[in-house]
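Here is the structure we will look at.
Reminder, nothing fancy here: chain letters follow the sequence lines and each chain counts from 1.
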Amino acid sequence: MITDRERAPLTRSFFDRPVLDVAPDLLGRILVRTTPDGAIELRLTEVEAYAGPVDPGSHAYRGRTERNAVMFGPPGHSYVYFTYGMWHCLNLVCGPEGTPSGILLRGGEIIRGADLARANRPTSRKDADLAQGPARLATALAVDRSLNGSDVCDPWTSVAGEPAGSPFRVLTGTPPAAGLVRSGPRTGVGGEGAVHPWRFWIDGDRTVSPYRAHAPRRRR
DNA sequence: GTTAGGATGATCT
DNA sequence: GATCATCCTAACA
């Protein structure tokens with residue numbers, strides 16, 4: 001059962017918890033993406049948890065490789081991967097260190113810097129689409145693999161001494177209204193990984209991506 | 001409103 | 001060689 005009113009303090013140890021605790025706790029919080037052109041703020045509305053070695057859906061399921069190496073590192077860092085030949089996806093690594101797990105950011109509402117986000121994603125027809133879906137989210141926030149392994153600062157370490165060029169921060173934001181946090185199967189995850197209801201979203205929010213079940217692709 | 005098909009390349013078996 | 005934590009467009013209802 002999801003207890004959507006439990007909110008951990010947003011300190012350095014926020015991400016150093018089991019991924020299933022962190023994932024619903026991220027809903028409603030704000031990811032600040034700082035670019036050379038300015039800041040974009042995104043209120044998170046949809047995430048998916050990937051639970052490392054016990055989860056067939058996780059990139060870390062078959063052990064450490066060059067691609068998934070940051071999932072095996074300390075929590076509070078970004079894991080960015082490239083998929084389908086075109087797209088990037090942004091994850092946040094959770095703890096404790098040694099249990100490689102991450103949270104895929106699937107959807108959010110741009111609450112500041114919408115002009116920058118629109119410039120990054122000119123094909124978007126309406127603002128609700130800007131970060132609706134993981135690859136759209138990464139595109140709107142100008143995230144690519146050059147940001148893999150970046151530190152995700154919390155407010156306490158970033159108030160005065162934020163390193164120049166630090167690309168991500170997380171702010172407290174506004175919690176979802178009571179009773180609106182939902183969970184269900186993860187999008188696009190098949191096999192045994194499909195049984196876990198590890199997708200979390202804010203019910204009724206227009207920036208949550210439509211659910212699509214896993215479907216094997218036809219070969220051509 | 002929904003659905004089918006193509007784009008495109010890194011990664012892993 | 002197959003798979004992939006996807007998106008967009010066109011076609012249809």
Whole angstrom value for the distance that separates [atom2] of [N] from [atom1] of [X]:
X: A/Trp201; N: C/dA5; atom1: CH2; atom2: C1'; result: 16 Å
X: A/Arg212; N: B/dA4; atom1: CZ; atom2: P; result: 11 Å
X: A/Phe200; N: C/dA5; atom1: CZ; atom2: C1'; result: 15 Å
X: A/Asn68; N: B/dA10; atom1: CG; atom2: C1'; result: 13 Å
X: A/Tyr211; N: C/dA5; atom1: OH; atom2: C1'; result: 12 Å
X: A/Tyr84; N: B/dT11; atom1: OH; atom2: C1'; result: 13 Å
X: A/Leu92; N: C/dA5; atom1: CG; atom2: P; result: 17 Å
X: A/Arg62; N: C/dA2; atom1: CZ; atom2: C1'; result: 13 Å

For [X], answer base if it contacts any base atom (sugar-phosphate contacts may also be present), sugar-phosphate if it contacts only those atoms, and nothing otherwise; contact means non-hydrogen atoms under 4.0 Å.
X: A/Thr139; value: nothing
X: A/Gly57; value: base
X: A/Arg199; value: nothing
X: A/Arg186; value: nothing

**Item:** Of A/Arg145 and A/Met86, the one whose closest DNA chain B nucleotide lies more 5'
**Value:**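 The residue mapped nearer the 5' terminus is A/Met86.
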**Request:** Compare every heavy atom of A/Asp55 with every heavy atom of A/Gly193, then report the nearest pair and how far apart it is.
**Result:**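 So the two residues come closest at CA-OD1, 4.4 Å.
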**Item:** Complementary nucleotide for B/dT3 - Watson-Crick or wobble, under 3.5 Å
**Value:**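 By the stated definition (distances under 3.5 Å), C/dA10 pairs with B/dT3.
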**Asked** Among C/dC7, B/dA7, B/dT3, which nucleotide sits nearest the side chain of A/Arg136?
**Response**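 Nearest to the side-chain atoms of A/Arg136, counting from C-beta on, is C/dC7.
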**Prompt:** Any side-chain heavy atom of A/Val80 sitting closer than 4.5 Å to one from A/Cys89?
**Reply:**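 Side-chain contact under 4.5 Å: no.
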**Asked** Quick one: are A/His77 and A/Val70 in side-chain contact, heavy atoms under 4.5 Å?
**Response**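 No. Closest side-chain heavy atoms not under 4.5 Å.
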**Message:** Tell me whether the side-chain N or O atoms of A/Tyr81 pair up with the base of B/dA10 as donor and acceptor below 3.5 Å, since no angle test is needed here.
**Reply:**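 Per atom types, no contact qualifies.
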Short side-chain N/O contact from [X] to OP1 or OP2 of [N], under 4.0 Å:
X: A/Arg121; N: C/dC8; answer: yes
X: A/His214; N: C/dA5; answer: no
X: A/Thr65; N: B/dC12; answer: yes
X: A/Arg125; N: C/dC8; answer: no
X: A/Thr123; N: C/dC8; answer: yes

**Request:** Answer yes or no for this row: A/Tyr50 ring on C/dA5 base, centroids under 5.5 Å, planes under 30°.
**Result:** yes
**Near-parallel close stack of A/Trp87 and C/dT6 base (under 5.5 Å, under 30°)** =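 A/Trp87 ring does not meet the centre or angle cut-off for C/dT6; no stack.
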**Message:** Distance check, rounded to the nearest 0.5 Å: A/Leu141 atom CG versus A/Arg121 atom CZ?
**Reply:**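 CZ of A/Arg121 is found 11.0 Å from CG of A/Leu141.
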**Request:** Determine, using the 4.5 Å side-chain heavy-atom cutoff (strictly less than), whether A/Trp198 and A/Val181 are members of one ILVMFWY cluster.
**Result:** yes
**Request:** Give a yes/no verdict on a cation-pi contact between A/Arg67 and A/Tyr79, requiring under 6.0 Å between NZ or CZ and the six-membered ring centre and an angle within 45° of the axis.
**Result:**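 The answer is no; the distance or angle limit is not met.
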